[in-house]
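Report on the following structure.
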Amino acid sequence: MEAKLKELKERLIEINNLKSAVGVLFWDQATYMPPGGADARARQMSTLEKLAHEKFIDPAIGKLLEELRPYEKSLSFDSYEAALIRITRREYERAVKISPSFQAELVAHGSKCYDVWSKARSENNFSKVQPYLEKMLDLSVKLANFFPGYEHIADPLIDFNDYGMKTSMIRSLFKELREELVPIVQKITSQKAADDSCLHKSFPEEKQLTFGIDVIKRLGYDFKRGRQDKTHHPFTIDFSIGDVRITTRIKENDLNDALFSTIHEAGHAMYEQGISTDFEGTPLGTGTSSGVHESQSRLWENIVGRSRGFWKFFYPRLQEIFPDQLKSVPLDTFYRAINKVQRSLIRTDSDEVTYNLHVMIRFDLELQLLEGKLSVSDLPEAWRERYKSDLGVKSPDDKDGVMQDVHWYSDHIGGVFQCYTLGNIMCSQFYEAALKAHPEIPSEIEKGKFDTLHNWLKENIYQHGSKYTASELIKRVTGKELTIEPYIRYLKNKYGELYSL
Ligand code: ZN
């Protein structure tokens with residue numbers, strides 16, 4: 001049996017080598033490739049992806065997994081070997097259900113639709129992309145139907161990113177959260193808005209970069225196993241556990257943007273850097289779900305990076321780097337500025353409190369689309385309506401309305417937005433567990449020390465990669481099912497102090 005497991009592992013590593021090569025090509029395209037390389041690069045990536053996919057759906061892998069079934073049963077659930085067989089089988093069974101010609105059609109349409117979307121968006125012309133989005137909806141329904149027997153048509157799509165979560169679970173979790181959030185948002189926005197003008201002075205790019213790098217080095221991002229470059233949209237990408245890269249973008253007149261997106265991406269990257277090296281190159285060697293991944297980026301970005309204690313340590317340093325801009329700005333003003341809550345149009349610019357309302361709008365609308373209760377032609381209006389009723393803002397155009405996020409236009413419709421809110425909920429639950437084990441963490445953060453928290457995360461979350469599903473992991477780490485209570489406590493505590501709630 002060990003020989004069969006060895007063979008399975010060797011095959012998986014070979015497939016992972018191809019996928020990592022695609023990753024390097026993608027990273028290069030996003031960072032340094034001249035525009036002239038675009039067509040050839042698309043071909044190169046698609047050839048490698050096709051090879052990787054063919055190798056994975058090879059019936060020989062299915063046969064190995066079948067032969068390994070009794071061996072898997074003889075092992076403990078927690079063992080590396082059992083997890084490798086279990087998770088590989090899950091991925092394999094999913095991959096073989098989707099026909100290769102459909103997969104190719106979806107990828108090709110995604111890249112075409114993305115192209116049209118970027119033009120349509122800059123021209124603020126939804127009708128240009130509408131037929132492409134209609135086809136995307138069609139393909140998304142077809143994709144879900146490769147997995148018959150679902151409770152809700154979005155369930156298989158949610159499974160791709162947040163395995164094991166169902167529409168019904170997310171709906172009730174979101175409903176509960178919404179009931180708590182709406183009164184908090186109302187109370188905060190009825191008060192005087194925080195003054196964040198101190199963040200919108202001129203902050204030279206190089207200095208912002210240097211400061212961001214100093215911050216994430218202290219948090220624990222390992223530059224010997226990573227690097228940071230500039231891209232249009234920040235992202236994290238890994239080619240191996242020893243090479244996990246991040247990107248950032250800098251706006252001279254917005255100190256928020258680079259700083260918090262750098263911490264956010266470093267959070268994703270530390271998760272990948274912390275996975276057990278035994279898992280390298282296998283389906284276990286990556287974060288377990290999009291929701292858990294977001295919980296790790298948001299824990300560092302929001303719970304740590306937007307806390308008062310964090311800035312007790314870092315603010316004097318930031319003032320030293322930007323004396324003209326910040327010397328006369330007190331810590332308290334700065335702290336309020338980085339935690340300003342407001343009703344806004346753009347999800348990615350929104351604050352911790354209103355953020356989830358943006359996600360819920362998208363989640364509900366994509367369910368209606370998939371259920372056939374909403375047509376793509378009625379989507380822009382439905383979007384405007386929801387922004388008016390939920391956030392009290394009116395989008396002046398579709399560019400910053402229904403066309404603001406790339407997801408539906410490049411990926412598919414369904415199952416792609418819930419992870420952001422799941423991440424917000426999970427990170428508070430994880431952080432409470434960390435504080436229970438180490439009540440000294442907040443006072444260490446005030447001294448610029450992050451290793452207790454970082455080590456706790458490595459030990460309890462990072463090292464396990466995909467060995468446990470999100471719900472298994474949450475239960476193991478916190479002793480409870482996923483619950484919104486810690487998140488609501490966190491928001492009420494923090495914003496109760498900033499505003500009168
Ligand atoms: Zn993220």
Side-chain angles (χ1 to χ4, degrees), residues 23 26-27 30-31 158 160-163 165 170 212 215-216 219-221 226-239 244-251 254 256-275 286-307 338 346-363 404-411 415-431 453-454 457 461-462 465-466 470 473-474 482 487 490:
F26 172 80
W27 173 86
T31 50
I158 290 170
F160 291 141
N161 296 313
D162 289 296
Y163 179 80
M165 302 269 173
I170 298 171
V215 168
I216 60 174
L219 299 182
Y221 175 72
R227 55 176 288 132
Q228 187 190 48
D229 295 86
K230 285 191 288 179
T231 48
H232 196 57
H233 291 288
F235 64 86
T236 301
I237 190 163
D238 64 285
F239 313 132
V244 187
R245 303 185 190 185
I246 56 174
T247 71
T248 192
R249 66 162 173 228
I250 295 134
K251 287 187 194 153
D254 185 359
N256 263 323
D257 205 43
L259 179 59
F260 291 104
S261 73
T262 300
I263 300 175
H264 181 97
E265 297 309 328
H268 281 301
M270 288 193 281
Y271 185 9
E272 294 288 329
Q273 286 184 332
I275 293 172
T286 186
T288 189
S289 73
S290 300
V292 173
H293 236 300
E294 279 305 310
S295 80
Q296 296 313 298
S297 55
R298 276 149 207 275
L299 190 150
W300 289 105
E301 179 196 352
N302 290 332
I303 298 186
V304 176
R306 290 185 206 268
S307 71
I338 60 169
I346 312 287
R347 174 183 63 89
T348 52
D349 294 341
S350 66
D351 55 83
E352 279 186 278
V353 187
T354 58
Y355 190 95
N356 303 295
L357 298 176
H358 292 262
V359 172
M360 290 173 195
I361 292 175
R362 288 152 180 78
F363 183 73
Q404 71 174 264
D405 295 305
V406 64
H407 309 56
W408 288 338
Y409 302 91
S410 64
D411 220 351
V416 289
F417 282 108
Q418 75 284 339
C419 71
Y420 300 114
T421 290
L422 291 175
N424 284 333
I425 299 171
M426 287 175 194
C427 73
S428 289
Q429 196 170 341
F430 286 137
Y431 192 65
L453 176 59
H454 191 193
L457 291 167
I461 297 169
Y462 300 174
S466 291
L473 189 71
I474 293 164
L482 181 63
Y487 182 51
Y490 161 76

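Remember, it's 1-based here, ligands and their atoms both numbered in the order they're listed. What you see is a predicted model, and the numbers here were worked out from it, not measured in a lab.
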Within 45 degrees of the ring normal and closer than 6.0 Å to the centroid, is that where the cationic atom of Arg298 sits relative to Tyr355?
yes
For a 4.5 angstrom cut-off between non-hydrogen side-chain atoms, does Leu219 reach His454?
no
Please say whether the positively charged group of Arg362, taken as NZ for Lys or CZ for Arg, lies over the ring of Tyr420, i.e. under 6.0 angstrom from the six-membered ring centre and within 45 degrees of the axis.
no
Carefully, step by step, assess Gln228 and Tyr221 under the rule side-chain hydrogen bond (donor to acceptor under 3.5 Å, both in side chains).
CA-CA 11 Å; Gln228 187 190 48; Tyr221 175 72; over 6 Å; no
Cut-off under 2.8 Å, centre the Zn ion (ligand 1), protein N/O/S atoms:
His264 NE2, His268 NE2, Glu294 OE2
Member of Met270, Glu272, His264 meeting the side-chain contact (heavy atoms from CB on, under 4.5 Å) criterion with His268
His264
Could you report the tightest heavy-atom contact between Pro234 and Glu265, atom names first, then the distance?
O-OE2, 3.7 Å
